[in-house]
Number of protein chains: 2
Amino acid sequence: MSDELRRFKSEIFQALAHPTRIAIVETLRDGELSAGQVIEKLGLEQANASQHLATLRARQVVVNRKVGNQVFYSIRDPALIKVLDILRRYFYSQLSSTVSMLEEASQTAPSKTGHTRR
Amino acid sequence: MSDELRRFKSEIFQALAHPTRIAIVETLRDGELSAGQVIEKLGLEQANASQHLATLRARQVVVNRKVGNQVFYSIRDPALIKVLDILRRYFYSQLSSTVSMLEEASQTAPSKTGHTRR
DNA sequence: TGCGTATACTCAAGTATTCGAATATACTAG
DNA sequence: CTAGTATATTCGAATACTTGAGTATACGCA
């Protein structure tokens, strides 16, 4: 496989490699929002949000549309939502494995009630 | 959604946010390989490969298994392969959009498409 | 034991990201 | 034009990542 493709993929991953940017993408999951709405929903600093949005734009993860005074953002390709969904399931399988590992390790065995966060 | 979960997801993305690590994961796609085989297939420096493998291990993207002298790596969860496959398709759709955009732009008048580049 | 191979770790230099503060731009209303 | 709102950009300091060189550890064999 081409190195070009790998570089491209790594840029997508990098675009999503920050909790704030994941939060933004998930906030946009159900439709477009203005920058201000994103800021309000997530409680971000204006400048910070704008920078993260710029990163997402640069990697073409989101597209934007100007309406008067405001800029509305939306996810460019629903494939990315699918990726996030897969990772949500992945997270839970990871989590339960981690829990079993911890249980094994601490042989006092709190038996089975998973979901103790780390 | 919990910040915890977002942090976790961003760590997965970060694990894959480097072309070399994507190459490693894709090399492991069809089954486990020793570190040496990965190095040889991808033409990496030993130290560099080992560090990228350590990153993938830390984020639990791969698991390893010692057999005598060697350490064999494999992908921990096939969901990640699915993610890479989705991104491959995503890449091609991105690519064609980008090509159309470039074609449009290279005509004489960009006139009306709001998207003023910076 | 001692040697050779396979892999991992440490360190430092270079590079890239992140953040908040300050500032700049674009639009609307009056 | 002026003022106000919405969003973007620039800057510098702090932090994190990447790399190669060197070194360390673990295993197998004699």
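Labels below follow one simple rule: chain letters A, B, ... track the order of the sequence lines, proteins then strands, and each chain is numbered from 1.
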Worksheet entry | Under-4.0 Å side-chain N/O to phosphate OP1/OP2 contact, B:H52 with D:dT19 | yes
Fill in: Rounded interatomic separation in angstrom, taking CG from B:L56 and C1' from D:dC17
14 Å
Could you tabulate the donor-acceptor pairs under 3.5 Å formed by side-chain atoms of residues 11-19 of chain A, not counting sequence neighbours?
from, atom 1, to, atom 2, distance (Å)
A:Q14, OE1, A:R59, NH2, 3.4
A:H18, ND1, A:T20, N, 3.1

Response to the item:
Rounded to whole Å, CZ of A:R65 lies from C1' of D:dA6 at a distance of 15 Å
Practice prompt. Specify the separation, in whole Å, of atom CD of A:E40 and atom P of D:dA6.
Written response: 11 Å
Worksheet entry | All salt bridge (charged side-chain N to carboxylate O under 4.0 Å, His left out) counterparts of B:R29, not counting sequence neighbours | B:D85
Item to complete: Would you name the heavy atoms of B:V62 and B:R57 that are closest together and state the gap between them?
Response: CG2-N, 3.9 Å
Worksheet item: In whole angstroms, how far is the C1' atom of C:dT17 from the CZ atom of B:F13?
Response: 18 Å
Fill in: salt bridge (charged side-chain N to carboxylate O under 4.0 Å, His left out): pairs with one or both residues in residues 34-54 of chain B, sequence neighbours excluded
none
Practice prompt. May I have the distance from A:I24 (atom CD1) to D:dT7 (atom C1'), rounded to whole angstrom?
Written response: 13 Å
Fill in: side-chain hydrogen bond (donor to acceptor under 3.5 Å, both in side chains) partners for B:E32, two or more places apart
B:R65
Worksheet item: Relative to the 5' end of DNA chain C, which residue comes earlier, A:G68 or A:T55, by the nucleotide with the nearest heavy atom?
Response: A:T55
Item to complete: Each residue besides B:V67 in its hydrophobic cluster should be listed here, by chain and number; the cluster joins Ile, Leu, Val, Met, Phe, Trp and Tyr at side-chain heavy-atom distances under 4.5 Å.
Response: B:F72
Worksheet item: Roughly, in whole Å, what's the span from NZ in B:K66 to P in D:dT25?
Response: 13 Å
Worksheet item: With a 4.0 Å cut-off on heavy atoms, is A:Q14 in touch with a base, just the backbone sugar-phosphate, or nothing at all?
Response: sugar-phosphate
Practice prompt. Encode nucleotides 3-9 of chain C as B, S and - characters from 5' to 3', where the letter depends on protein heavy atoms closer than 4.0 Å: B to the base, S only to sugar-phosphate, - to neither.
Written response: --BSBBB
Fill in: A:H18 side chain near C:dC19 phosphate (N/O to OP1/OP2, under 4.0 Å)
yes
